[in-house]
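One structure is given below, encoded as structure tokens.
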Amino acid sequence: MEDNAKKNVYLTLHRKFVHEDIPYTDRKTGEEKTFHSVTLPKGTVIDGVDVSYYQFSPMFVNPSRFKGENFRDMPLLADREVWLKKGLMNPDGTPVVDETGKEVKDIVKVMPAALKEAVDKGRAEFLASLDDKAKDAREAADNQTREARHAEPVAR
């Protein structure tokens with residue numbers, strides 16, 4: 001048995017993608033419990049499959065140790081698949097239901113390391129796009145003449 005193998009993969013996302021402590025009532029016991037829900041950000045692609053906006057429920061959600069208070073760390077067992085789910089929609093925007101009336105969900109099973117890699121790659125591409133937009137804005141501002149920058153007074 002390898003002791004040096006990593007047991008957990010830590011996925012870090014901004015808090016706006018993580019909903020914590022959602023209450024529900026256990027059907028069997030009637031006990032009040034809570035769960036967490038994570039929605040993957042736009043641009044998350046795993047093995048060529050776009051899993052943007054798919055959701056999963058991690059067991060634990062912690063404040064990020066390295067990224068600050070606006071981020072959350074989720075430890076995922078490295079050897080256990082994460083089931084990503086997303087409700088299917090009809091072209092008119094209504095949920096697809098089966099013959100029993102239950103909502104149909106698309107399920108993608110992925111290993112935590114692949115999920116972390118996809119999220120990190122998507123974040124890097126997003127940040128690079130922001131750099132490009134900022135560079136374009138700076139170039140546009142530099143290309144304006146000094147006179148064009150001053151607003152003309154309004155005549156009344």
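As the structure is a prediction and not an experimental result, all values here were calculated from the model.
Residues I46 and V108 form no side-chain contact, since every pair of their non-hydrogen atoms from C-beta on lies 4.5 Å or further apart. Counting heavy atoms from C-beta on, the side chains of R72 and L13 never come closer than 4.5 Å. Taking 4.5 Å as the limit, every side-chain heavy atom of K105 sits out of range of all side-chain heavy atoms of K86.
In this structure, CZ in F71 is found 9.5 Å from NZ in K16, a value given to the nearest 0.5 Å. The distance from atom CE of M74 to atom NZ of K116, rounded to the nearest 0.5 Å, is 10.0 Å. Annotation: the span from E103 atom CD to T94 atom OG1 amounts to 10.0 Å, rounded to 0.5 Å. Summarising the geometry, atom NZ belonging to K33 is positioned 4.0 Å from atom CG belonging to D26; distances are rounded to the nearest 0.5 Å. A distance of 9.0 Å separates CG in D120 from CG in L115, rounded to the nearest 0.5 Å. Taken to the nearest 0.5 Å, the CD atom of E32 stands 10.0 Å off from the OH atom of Y24.
When all heavy atoms of T12 and V119 are compared, the pair lying nearest together is O-CG1, 4.3 Å. Closest approach of S37 to I22, counting heavy atoms only: CB-CD1, 3.9 Å. Between A78 and P112, the closest heavy-atom pair is O-CD, 3.8 Å. Scanning both residues, I107 and K85, for their nearest heavy atoms gives CG1-CG, 4.0 Å. The two residues F60 and P75 have their closest heavy-atom pair at O-CD, 3.7 Å.
L77 is not connected to Y10 by any chain of hydrophobic side-chain contacts under 4.5 Å among Ile, Leu, Val, Met, Phe, Trp and Tyr, and they are in different clusters. V49 and L11 fall within a single hydrophobic cluster, where Ile, Leu, Val, Met, Phe, Trp and Tyr side chains are chained together by heavy-atom contacts under 4.5 Å.
Checked by atom type and distance alone, the side chain of N90 never pairs as donor or acceptor with a backbone atom of G93 at under 3.5 Å. Side-chain atoms of D73 come within 3.5 Å of backbone atoms of R65 as a donor-acceptor pair (strictly under, hydrogens ignored).
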Donor-acceptor contacts, no H, no angles, side chain residues 51-58, under 3.5 Å, sequence neighbours left out:
unit_1, atom_1, unit_2, atom_2, d
S52, OG, G43, N, 2.9
S52, OG, T44, N, 3.4
S52, OG, D50, OD1, 2.5
Y54, OH, D106, OD2, 2.3
Q55, NE2, T39, OG1, 3.0
S57, OG, H36, O, 3.1

